[in-house]
Protein chains: 2
Amino acid sequence: MKENKYDNELFFAKYSQMERSRKGLQGAGEWSALKKILPAFKGKKVLDLGCGYGWHCKYAADNGAEYVLGTDISHKMLEVARQNNSDKNIEYKCISMEDLILPADSFDIILSSLAFHYVKDFEPLVENIYKWLKINGEFVFSAEHPVFTSYGSQDWYYDSEGNILHFPVDNYYYEGKRDAVFLGEHVTKYHRTLTTYLNTLIQKGFELQHIIEPQPPEEMMNIAGMKDEMRRPMMLLVSSVKK
Amino acid sequence: MKENKYDNELFFAKYSQMERSRKGLQGAGEWSALKKILPAFKGKKVLDLGCGYGWHCKYAADNGAEYVLGTDISHKMLEVARQNNSDKNIEYKCISMEDLILPADSFDIILSSLAFHYVKDFEPLVENIYKWLKINGEFVFSAEHPVFTSYGSQDWYYDSEGNILHFPVDNYYYEGKRDAVFLGEHVTKYHRTLTTYLNTLIQKGFELQHIIEPQPPEEMMNIAGMKDEMRRPMMLLVSSVKK
């Protein structure tokens with residue numbers, strides 16, 4: 001049974017208070033890095049897997065996408081997406097990305113922002129993405145970094161006075177379910193190695209174009225805790241092309 | 001000034017006692033994974049950067065390489081290479097890989113095994129490797145994993161009774177010099193991010209073919225400490241093609 005934490009009242013309320021929820025793309029630390037590796041959207045058919053509030057769908061539509069399909073498992077997230085990020089060229093659909101059925105060769109660009117770590121099986125998903133894309137179509141995603149997901153709790157390791165000592169890595173090669181604490185709530189996430197993320201793409205026929213571990217941007221360094229993000233990689237950004 | 005730790009008497013003596021030094025490729029935990037991504041050597045011109053004892057040079061020659069140039073900064077390592085791993089098709093040369101000058105388009109295959117973390121500047125080296133390779137030539141390397149090099153000491157984090165708690169990551173985005181402890185000796189190594197390792201290759205014109213974080217092989221699990229290697233990634237293997 002797939003977890004749908006974003007339809008949980010309390011979690012959803014907390015999530016809506018995050019910088020990235022209130023400010024959108026400008027409030028997301030990785031946006032400046034992600035933006036640089038996004039393809040041109042003009043005239044393109046775009047699929048956004050795990051679109052959440054729809055910020056990336058709207059960005060694609062605003063930049064000339066002909067059609068954008070945003071999918072998410074959470075009704076609550078899509079409610080906000082429809083309110084705040086609607087467009088005549090955007091369609092939102094409530095479905096988990098694992099259950100999605102789409103025609104082959106139907107999209108020019110497939111995006112996914114910070115959603116793959118909620119997905120149990122990566123390989124069949126990549127097979128589908130490959131199938132749904134046209135030849136030379138681009139697949140760009142961000143996910144939580146394997147360093148960030150391996151231990152499980154996703155928290156720093158502290159000394160007895162509460163100072164950060166370092167970030168812990170453990171059970172790296174044991175992929176699968178982790179009980180993460182996010183916004184003070186328990187959330188199921190899935191750890192997979194970097195090998196699995198990158199090599200699966202290559203094996204399924206994608207050519208890797210960019211592999212980026214985004215650093216916190218200079219202008220966000222004054223946000224509480226942001227300087228510590230120089231100490232661990234939290235996210236992985238990948239762009240690739242269907243060959 | 002480049003460090004040449006392998007010419008240090010004590011360090012060299014300790015290194016020569018390691019499983020991988022005594023048994024060669026069969027004693028190296030990553031060999032079974034590396035072997036799978038090596039290209040066919042028959043009739044090829046091969047360069048091995050930081051060849052050490054020359055195990056990989058000998059493997060290339062034994063598998064039909066027409067010419068193998070093995071380079072290393074350490075006289076002592078090359079002395080052993082010439083004794084144990086010589087071949088009519090192998091030439092060993094004592095020089096640091098940063099100082100190497102070679103004609104353009106002169107090699108089919110360039111290898112490097114666990115040497116790049118001793119190199120300060122990766123980008124100019126990759127530029128040279130690209131230049132030295134023929135078009136469609138292959139570049140295959142292993143290096144210590146960024147997770148393994150980031151903190152610096154390269155040791156586990158223990159509880160007060162000496163049990164392993166986890167592996168520490170810190171200062172991930174601060175690339176550069178680390179004071180590592182290897183075989184009980186201080187050795188200068190250089191940390192760089194995964195972004196730097198992989199994206200530099202792509203930017204300089206390589207297409208990535210395999211990205212592997214090797215797990216300890218089943219048949220080595222009885223070696224002391226090997227089971228713990230399931231808890232952290234220690235190495236990164238990459239194969240790529242000059243396009």
Side-chain angles (χ1 to χ4, degrees), chain A residues 33 36-37 145-148 150-153 155-157 159-160 164-175 192-203 206-217 221 226-241 243, chain B residues 33 36-37 145-148 150-153 155-157 159-160 164-175 192-203 206-217 221 226-241 243:
Chain A
K36 281 187 203 141
I37 62 169
H145 197 289
V147 165
F148 190 60
S150 76
Y151 189 89
S153 66
D155 199 1
W156 298 97
Y157 193 76
D159 68 12
S160 58
I164 291 174
L165 286 178
H166 53 255
F167 191 77
V169 162
D170 207 348
N171 297 313
Y172 187 81
Y173 291 109
Y174 300 100
E175 298 191 319
R192 51 185 63 95
T193 65
L194 192 87
T195 303
T196 297
Y197 272 120
L198 300 181
N199 227 32
T200 304
L201 261 67
I202 297 174
Q203 280 171 357
F206 287 100
E207 183 179 322
L208 300 177
Q209 290 188 301
H210 296 92
I211 298 150
I212 313 273
E213 297 154 300
Q215 296 182 32
M221 281 298 191
M226 200 56 102
K227 269 198 189 116
D228 292 324
E229 296 305 333
M230 289 296 287
R231 302 175 65 175
R232 64 175 177 192
M234 195 198 247
M235 292 180 202
L236 180 68
L237 313 184
V238 178
S239 76
S240 60
V241 184
K243 287 291 173 186
Chain B
K36 281 187 205 141
I37 62 170
H145 197 288
V147 164
F148 190 61
S150 76
Y151 189 90
S153 67
D155 199 1
W156 299 96
Y157 193 76
D159 69 12
S160 58
I164 291 174
L165 287 178
H166 53 256
F167 191 78
V169 163
D170 206 349
N171 296 314
Y172 188 81
Y173 290 109
Y174 300 100
E175 297 190 320
R192 51 185 65 94
T193 65
L194 191 88
T195 303
T196 297
Y197 272 119
L198 301 181
N199 226 33
T200 304
L201 263 66
I202 297 173
Q203 279 170 357
F206 287 99
E207 184 179 322
L208 301 176
Q209 289 187 302
H210 296 93
I211 298 151
I212 313 272
E213 297 155 302
Q215 297 182 32
M221 281 298 191
M226 200 57 102
K227 269 197 192 118
D228 292 325
E229 295 306 333
M230 290 295 288
R231 302 174 65 175
R232 64 176 178 192
M234 194 197 246
M235 292 181 202
L236 181 69
L237 313 184
V238 179
S239 76
S240 60
V241 183
K243 287 291 171 186

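Residue numbers start from 1 in every chain, and the chains themselves are labelled A, B, ... in the order their sequence lines are given, proteins ahead of strands.
- Interatomic distance, CZ of A/Phe206 versus CG of B/Leu208, reported as 15.0 Å (0.5 Å rounding).
- Heavy-atom pairs under 4.5 Å with chain A were tallied for B/Ile164, B/Leu236, B/Leu165, B/Thr195; the largest tally goes to B/Thr195.
- For B/Ile202, the part lying near chain A is the side chain, with the backbone staying farther off; criterion is any non-hydrogen pair under 4.5 Å.
- In this structure, chain A has a heavy atom under 4.5 Å from the backbone of B/Glu229, while its side chain stays farther away.
- For the set B/Leu194, B/Ile212, B/Asn171, the count of heavy-atom pairs under 4.5 angstrom toward chain A peaks at B/Leu194.
- The ring-ring contact (aromatic ring centres under 6.0 Å, His included) test applied to B/Tyr172 returns B/His191, not counting sequence neighbours.
- With sequence neighbours excluded, no residue forms a side-chain hydrogen bond (donor to acceptor under 3.5 Å, both in side chains) with A/Tyr173.
- Between the side chain of B/Asn199 and the main chain of A/Ile211, a donor-acceptor pair closer than 3.5 Å is present.
- Both the backbone and the side chain of B/Gln215 come within contact range of chain A, judged by heavy atoms closer than 4.5 Å.
- Using a 4.5 Å cut-off between heavy atoms, A/Gln209 touches chain B through its backbone atoms (N, CA, C, O) alone.
- In this structure, chain B has a heavy atom under 4.5 Å from the side chain of A/Tyr151, while its backbone stays farther away.
- Contact annotation for A/Val147: only side-chain heavy atoms (C-beta onward) come within less than 4.5 Å of a heavy atom of chain B.
- Nearest heavy-atom pair, B/Arg231 versus A/Val169, reported as atom, atom and distance to 0.1 Å: O-CG1, 3.8 Å.
- Looking at A/Glu207, the atoms closer than 4.5 Å to chain B (heavy atoms on both sides) all sit in the side chain, from C-beta outward.
- B/Phe167 touches chain A through backbone and side chain together, each having a heavy atom under 4.5 Å away.
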